[in-house]
Amino acid sequence: MKTVQISLNSIDKVKSFVNEITKYDNDFDLVSGRYVIDAKSIMGIFSLDLSKPIDLNIHADDNVDEILKALDAYIIK
């Protein structure tokens, strides 16, 4: 599992983020405080406080680099 911090501070960013990660069969969790939601759930994402960075847990072993490259626009460096 790999964890990165992401920023989803607009509706368009949320939509494009969900479209990007649904291309992968892996599991993705978004963690904000004590809440953990499925990152592929657009309704779940909107239940989080999007004004702050969110932790993204990527449950993958083989294609992590490919996923990180695809999500580069959302990752906080």
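Remark: Phe28 CZ to Asn57 CG distance equals 11.0 Å, nearest 0.5 Å. Taken to the nearest 0.5 Å, the CD atom of Gln5 stands 9.5 Å off from the CD1 atom of Ile54. Distance check, rounded to the nearest 0.5 Å: CD1 of Ile58 to NZ of Lys2 gives 8.0 Å. Here Ile75 contributes atom CD1 and Leu56 contributes atom CG; the two are 7.5 Å apart, rounded to the nearest 0.5 Å. Within the model, atoms CG of Leu8 and CG of Leu50 stand 6.5 Å from one another, a figure rounded to the nearest 0.5 Å. Atom CG of residue Leu48 and atom CG of residue Leu30 lie 6.5 Å apart, to the nearest 0.5 angstrom.
Closest approach of Ile45 to Ala39, counting heavy atoms only: CD1-O, 3.4 Å. Heavy-atom minimum distance, Met1 versus Asp61: N-OD1, 4.4 Å. Summarising the geometry of Asn26 relative to Ala60, their closest heavy-atom pair is ND2-CB, 3.0 Å, with the distance given to 0.1 Å. Lys40 approaches Val18 most closely through the heavy-atom pair O-CG1, 3.7 Å.
Between Ile6 and Leu71, the closest side-chain pair of non-hydrogen atoms is not below 4.5 Å.
Heavy-atom contacts from other residues, nucleotides or ligands closer than 6.0 Å to CD1 of Ile11 number 12 or fewer.
Remark: Lys52 engages Asp49 in a salt bridge, criterion side-chain N to carboxylate O under 4.0 Å.
Sorted by first then second residue, the side-chain hydrogen bond (donor to acceptor under 3.5 Å, both in side chains) pairs that include residues 7-19, not counting sequence neighbours, are Ser16-Tyr74. Annotation: ring pair (Phe, Tyr, Trp, His ring centres under 6.0 Å) contacts involving residues 32-58, sequence neighbours excluded, are absent.
Cluster annotation: Val14 and Val4 are assigned to the same hydrophobic cluster (Ile/Leu/Val/Met/Phe/Trp/Tyr, side-chain heavy-atom contacts under 4.5 Å, transitive).
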